[in-house]
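This report concerns only the one structure given below.
Indexing begins at 1, ligand by ligand and atom by atom, following the structure's order.
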Amino acid sequence: MKRFTILASLIVGVMLVVACGGGEENDSDGSATTSVPATTGTVASAPTAPAAATGPDPALIAIGETKYGSCLTCHGADGRGVAGLGKDLIENEFMDGLSEAELVEFIKVGRGPSDAGNTTGIAMPAKGGNPSLSDDDIVAIIAYIDSLK
Ligand code: HEC
């Protein structure tokens, strides 16, 4: 997920500051990223580089914006839902709890009114009712929804 990527780059940035300031990089937290300060810690200007390299992809978001047309009627141009049609996708704990791959699978299947997990009694159609959406299209839509937050 992009939010995780952004979080990870923030952690790397903090660790770089720690590494530059303290001259040591053997602190115990963030074990997955300890190799990054080891290779770049000696470069004074390094802390700004990771954040620039891992930001959201504007091209992907632009594709998602066009594909979001399949969701717009029910979830609204701002993603905040339309009463009686679709839910808010911006402040959404269900979505926050899923990985990108899990969210793609959910959107491909949808959620009928008789599904035990349904909360509104209204159907979320598979692929928003647009069978032509590919997995890549749905990934782009998710990136676009994230960009609205
Ligand atoms: C015909 C209306 C409609 C369309 C079109 C539609 N949705 Fe939905 N969507 C719903 C409804 C209604 C729900 C809530 C179902 C429920 O009560 O559990 C929902 C739920 C969701 C959820 C789960 C939210 C939650 O909190 O459970 C996601 C994610 C979602 N839609 C994404 C999309 C995406 C992405 C598209 C476009 C590809 C789309 N929807 C198109 C009506 C729609």
What residue and atom, counting heavy atoms only, is the protein's closest point to [atom], and at what distance?
| atom | result |
| --- | --- |
| atom 23 (C) of ligand 1 | Phe106 CE2, 3.5 Å |
| atom 18 (O) of ligand 1 | Arg111 NH1, 2.5 Å |
| atom 5 (C) of ligand 1 | Ser70 O, 3.3 Å |

* Using distance alone, determine whether Thr120 and ligand 1 share an N or O pair under 3.5 Å. =>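 Yes, since at least one N or O of Thr120 sits under 3.5 Å from an N or O of ligand 1.
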inquiry  = If only side-chain N and O atoms count, and only distance matters, is there a donor-acceptor pair under 3.5 Å linking Thr119 with Lys87?
reply    = yes
Does one side chain, of Ser132 or Asn130, offer a donor that lies under 3.5 Å from an acceptor on the other?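 A pair is found: one side chain offers a donor N or O, the other an acceptor, under 3.5 Å apart.
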Report task. Please answer whether the main-chain N or O of Ala143 pairs with a side-chain N or O of Asp146 as donor and acceptor at a distance below 3.5 Å. Result ->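 Such a contact is absent between Asp146 side chain and Ala143 backbone.
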Tell me the protein N, O or S atoms under 2.8 Å from atom 8 (Fe) of ligand 1, in chain and number order.
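Those protein N, O or S atoms (cut-off: under 2.8 Å from atom 8 (Fe) of ligand 1) are His75 NE2, Met124 SD.
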With heavy atoms and a 4.0 Å threshold, my read on which part of Met95 contacts ligand 1 is side chain
So if I count the atoms of ligand 1 from 1 in the order they appear, which ones are less than 4.0 Å from some heavy atom of Ala123?
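What qualifies from ligand 1 is 10 (C), 11 (C), 12 (C), 42 (C).
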Practice item. Using non-hydrogen atoms of the residue, decide whether Asn92 is closer than 4.0 angstrom to ligand 1. Key: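 Contact check Asn92 vs ligand 1: positive.
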All heavy atoms of Leu85 vs all of Thr73, minimum pair found to be CD1-O, 3.6 Å
